[in-house]
Structures are given as C-alpha cells and as structure tokens.
Chemist: 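What follows is a structure written as structure tokens; I'll ask about it next.
Side chains included, hydrogens not; waters and symmetry mates left out as well; all remaining heavy atoms used. This is a predicted model, so every value here is computed, not measured. In this chain, residues are counted from 1 in sequence order.
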Amino acid sequence: GDFTVTRDFPDLGNYPRSGCAEENFTAVHTATDDCGNSANDTQLIRVLDNTPPTITAPQDRTVECEVGVHDITTAAMGTATASDECSGVTVSHNDTSSETDECGERDVITRTWTATDLCGNSNTTTQTIELLDNTPPTITVPAYSTIECETAWPAETATAEDTCTASVTNITVGNLTVPECGVNNVSYRVWTATDDCGNEVSDTQTVGVLDTTPPELTIPLDETAECTEDMTPSGDDENPDTDGPGQGEATASDNADLTISYSDYTEGGSCEDAMTIYRIWTATDVATNTNVQTQTIFVQDTTPPVFDYVP
C-alpha cells in the first residue's frame, strides 16, 4: 500500500562559525505505511570547508627614502581585507626585500598578505612597496674667504648630507685656476655633491681675490752732482756731453700693470746753486698698492769762476 517518508534534519546553525565549520550531522529518515507500520534509517551528513577566504591587498605604494624617517608600516601602507563564508579569518603579512642596486637604501619590498580561516584554508596576495631616492643631497660650502692673487687655493672642504645615503663622499669643486692679480675682484667656486643614486646639488662659494702686494721698486743710488749737471732722471739726450746723463731712472716690477712717478722736494744749500734734492719715487699698481722710496741728490758748486775779460 501507500506510505509516507519523513526526514528529521538537525539544525545546522548559522554561518560563519566561531570555529572551524567542518562538522558531522545525522539525519533520520522514517517511512510509515497506511497501517501505521514504520521503519527508520539514518543518513550521515558531513559539512566540509575546503574553500579559502577571499583577500584584497592594499594598493601598491612608492615612498621617498628617508633614513630613519620613512614609514612603511601597515598603518601607513594599508592593511589587506579578507572574508570567509564559513568561519572567521586572520590576516598576516610577511616582507621580502630585493635591493634594486647599490644606491643608498633604494629597495623594493614585496609584502605578502595571507588570509587564513579557522579550518586552515588560506589565500595570499601581494603588495609592492618601492623605496625611491629622487631627492638630492644638501650641501654646505665653505664660508666667504679672501685669498691673495696668484696664490694657490686654500685646502677647503664642503660638507653634504643625504636623506637616503648614510654619508655623501662624492663632493667635487670646479674653478681651481689660480686667480690673476689686478684690480681686487671676486672669484666663484662651484661645489657639487652627488649621492649614490646620482642625485646632485650644487652651490657657489664666493672668494674675494685681493692684490695687497706692492710693486718691487729699485731707485737710483744717492748722488752728488755738480750744479751744472742735468737734474732730471734721464738727462738731456741732445747735449749729454755738456749736461750729463741725468740722475738715474727708477725701475719697478709687479704681477700686474703699474706706473712709476716721482716728485722733488728741495732744500737750499750753503750757496746759491748748492741744494739737496729729495726725489720721491712712487710705483703704483692697478690695485693702488704703492712702494715709495727716496733718492737724495746733493747738488754742489765746486767750479771756480772763469774770467770773461782780463784788462
């Protein structure tokens, strides 16, 4: 005759579970005919969790390298999110580093995020964090100083610091030409610092170039001259036999252009034509440095008169 079948299923509860969702359940099936006779049988139902969680990594990031300052923590770079349909999920991460070159602290960090459910199913995804060094160093050049012209540059050193390189040793300087003498002027030295990643910065040092050295001056020796002689330095070229060769020229030298001049100061002597001439020689270069020396010329009259007519 006819019969009916009923099934008694257990309450599977709600998901996700607080623990692993894998469980075994027993379902009872009962068949009853029209006369009330019944028979039971059981069914084993096993709930499995073989599906890994879903996980989404934070976006890739680039960070400017700054030793001791740059922040690559998850708080700064972001945290992966994960979910599972059957149980809770824990999220963890692990970093691996692969330096791109020997350039400071440039680095590529692969952050592997792992989501694991309570049944041990896991899923991974990666986030890339690249440390860059595009920032040039800072440089401090020597302070303003002065040097004498035509002397070697002093041994000076600039200093540099970098945010990504522990120390900057590649510091160069241009314009090592010895400054020429002349009018006091300035010279400029360009210092350049380059970090390990090729970023460079330059700054200019101003150096005053001075010419404080006076010319070298050589004057004629002091002279005693007859009053009939030519008292000028060079003498009278037209009448050297009668007027003499003069009292001598001064000579001078300097590391720049110069001029030589003189002026006379006269004191009277014991007679009308006797005197003392103080000839002040001055050598002046283009930087107005001067050398002044005095030549003394003693003018005397030792020549007796000559009779024009004797009666």
Side-chain angles (χ1 to χ4, degrees), residues 60-73 75-77 95-110 128-217 252-259 283-291:
D60 295 340
R61 303 289 294 271
T62 58
V63 180
E64 186 68 17
C65 169
E66 192 169 357
V67 176
V69 176
H70 59 249
D71 186 359
I72 57 171
T73 62
M77 300 293 101
D95 290 348
T96 57
S97 174
S98 57
E99 293 188 2
T100 56
D101 48 36
E102 296 180 357
C103 163
E105 290 196 5
R106 279 183 56 174
D107 200 357
V108 175
I109 297 170
T110 301
T128 300
I129 302 169
E130 186 175 5
L131 290 180
L132 302 178
D133 183 6
N134 296 318
T135 303
T138 58
I139 188 170
T140 302
V141 302
Y144 173 85
S145 61
T146 59
I147 62 172
E148 188 71 14
C149 62
E150 293 190 356
T151 59
W153 288 97
E156 297 178 304
T157 304
T159 58
E161 296 179 348
D162 190 65
T163 58
C164 196
T165 304
S167 62
V168 180
T169 57
N170 186 8
I171 301 176
T172 59
V173 61
N175 188 18
L176 297 179
T177 304
V178 176
E180 295 182 355
C181 291
V183 178
N184 295 339
N185 53 36
V186 293
S187 186
Y188 302 97
R189 304 176 79 188
V190 179
W191 296 82
T192 301
T194 307
D195 67 17
D196 291 343
C197 295
N199 303 302
E200 68 177 36
V201 63
S202 297
D203 198 5
T204 301
Q205 174 196 12
T206 302
V207 180
V209 180
L210 305 180
D211 182 356
T212 61
T213 304
E216 294 182 0
L217 176 64
S253 62
D254 191 73
N255 46 21
D257 294 337
L258 59 83
T259 58
T284 306
D285 65 18
V286 293
T288 69
N289 300 300
T290 60
N291 189 343

Chemist: Could you tell me whether the side chain of D71 and the main chain of T73 form a donor-acceptor pair under 3.5 Å?
Modeler: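 A pair under 3.5 Å: yes.
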Chemist: Not counting sequence neighbours, which residues clear side-chain hydrogen bond (donor to acceptor under 3.5 Å, both in side chains) with T96? List them please.
Modeler: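 For T96, no residue satisfies side-chain hydrogen bond (donor to acceptor under 3.5 Å, both in side chains) once neighbours in sequence are set aside.
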Chemist: Nearest 0.5 angstrom please: E130 CD to C65 SG, how far?
Modeler: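 Nearest 0.5 Å value for the CD-SG distance: 11.5 Å.
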Chemist: Indicate yes or no: at least one non-hydrogen side-chain atom of P214 is less than 4.5 angstrom from one of T290.
Modeler: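 P214 vs T290: side chains apart.
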Chemist: Just so I know, are the side chains of W191 and V173 near enough to count as touching, which here means a heavy-atom distance under 4.5 Å?
Modeler: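 Result yes, sub-4.5 Å side-chain heavy-atom pair found.
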Chemist: Considering residues at least two apart in sequence or located in another chain, which fulfil the salt bridge (Lys or Arg N to Asp or Glu O under 4.0 Å) criterion with D95?
Modeler: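 Counting only residues at least two positions away or on another chain, D95 forms a salt bridge (Lys or Arg N to Asp or Glu O under 4.0 Å) with R111.
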Chemist: Under the rule for side chain to side chain contact (heavy atoms under 4.5 Å, CB included), what residues qualify as partners of T128, not counting sequence neighbours?
Modeler: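 By the side chain to side chain contact (heavy atoms under 4.5 Å, CB included) rule, T128 matches D60, V108.
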Chemist: Locate the shortest heavy-atom distance separating I171 from A158; write the atom from each residue and the value.
Modeler: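 Of all heavy-atom pairs spanning I171 and A158, the closest is CD1-O, 3.5 Å.
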Chemist: Holding to side chain to side chain contact (heavy atoms under 4.5 Å, CB included), I want the full list of residues that pass it with T151, two or more places apart in sequence or in another chain.
Modeler: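 With neighbours one apart ignored, the set is I147, E148.
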Chemist: Kindly write out the residues that satisfy salt bridge (Lys or Arg N to Asp or Glu O under 4.0 Å) with E156, not counting sequence neighbours, or none if the list is empty.
Modeler: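 With sequence neighbours excluded, E156 shows a salt bridge (Lys or Arg N to Asp or Glu O under 4.0 Å) to R189, given in chain and number order.
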Chemist: Let me confirm one number: the CG-SG distance from D257 to C181, rounded to the nearest 0.5 Å.
Modeler: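 Rounded to the nearest 0.5 Å, the CG-SG separation comes to 11.5 Å.
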Chemist: Do you know which two heavy atoms are closest between P215 and N291, and how far apart they sit?
Modeler: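 Result for this residue pair: O-ND2, 2.9 Å.
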Chemist: SG-SG distance between C164 and C197 under 2.5 Å?
Modeler: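 No, because the SG atoms of C164 and C197 are not under 2.5 Å apart, which misses the disulfide cut-off.
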Chemist: Would you name the heavy atoms of P136 and E200 that are closest together and state the gap between them?
Modeler: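 That closest heavy-atom pairing would be CB-O, 3.5 Å.
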Chemist: Mind checking what makes side-chain hydrogen bond (donor to acceptor under 3.5 Å, both in side chains) contact with N199, not counting sequence neighbours?
Modeler: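 For N199, the residues satisfying side-chain hydrogen bond (donor to acceptor under 3.5 Å, both in side chains) (neighbours in sequence not counted) are D133, D195.
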Chemist: Between CD1 of I139 and CG of D162, what distance do you get to the nearest 0.5 Å?
Modeler: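 Reported to 0.5 Å precision, the distance equals 12.0 Å.
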Chemist: Between L258 and S253, which heavy-atom pair has the shortest distance, and what is it?
Modeler: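 Smallest interatomic distance, heavy atoms only, reads CD2-C, 3.5 Å.
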Chemist: Taking atom CD1 of I129 and atom CG of D107, what is their separation to the nearest 0.5 Å?
Modeler: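 One gets 10.0 Å once the value is rounded to the nearest 0.5 Å.
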Chemist: What's the spacing between T194 OG1 and N170 CG if we round to 0.5 Å?
Modeler: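 Taking OG1 in T194 and CG in N170, the distance rounds to 4.5 Å.
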Chemist: Could you pull out all residues at least two apart from T169 that satisfy side chain to side chain contact (heavy atoms under 4.5 Å, CB included)?
Modeler: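 Checked T169 against side chain to side chain contact (heavy atoms under 4.5 Å, CB included); matches are S167.
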Chemist: Begin from the C-alpha positions of R61 and I72 and carry the test side-chain contact (heavy atoms from CB on, under 4.5 Å) through to its verdict.
Modeler: CA-CA 9 Å; R61 303 289 294 271; I72 57 171; over 6 Å; no
Chemist: Sequence neighbours excluded, which residues qualify as side-chain hydrogen bond (donor to acceptor under 3.5 Å, both in side chains) partners of N289?
Modeler: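 Only D211, D285 meet the side-chain hydrogen bond (donor to acceptor under 3.5 Å, both in side chains) criterion with N289.
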Chemist: To check you understand the geometry: which heavy-atom pair defines the closest contact between N134 and E64, and what is its length?
Modeler: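 Answer, listing the atom of N134 first, then E64: N-OE2, 2.7 Å.
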Chemist: Restricting to non-hydrogen atoms, name the atom on A160 and the atom on A193 that form the minimum distance, rounded to 0.1 Å.
Modeler: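 Taking A160 first and A193 second, the nearest heavy atoms are CB-CB, 3.6 Å.
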Chemist: Not counting sequence neighbours, which residues clear side chain to side chain contact (heavy atoms under 4.5 Å, CB included) with T204? List them please.
Modeler: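 In terms of side chain to side chain contact (heavy atoms under 4.5 Å, CB included), with neighbours along the sequence ignored, T204 is linked to Y188, V190.
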Chemist: Taking side-chain hydrogen bond (donor to acceptor under 3.5 Å, both in side chains) as the definition, give me every residue that meets it alongside T140, ordered by chain and number, with sequence neighbours left out.
Modeler: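 Checked T140 against side-chain hydrogen bond (donor to acceptor under 3.5 Å, both in side chains); zero matches.
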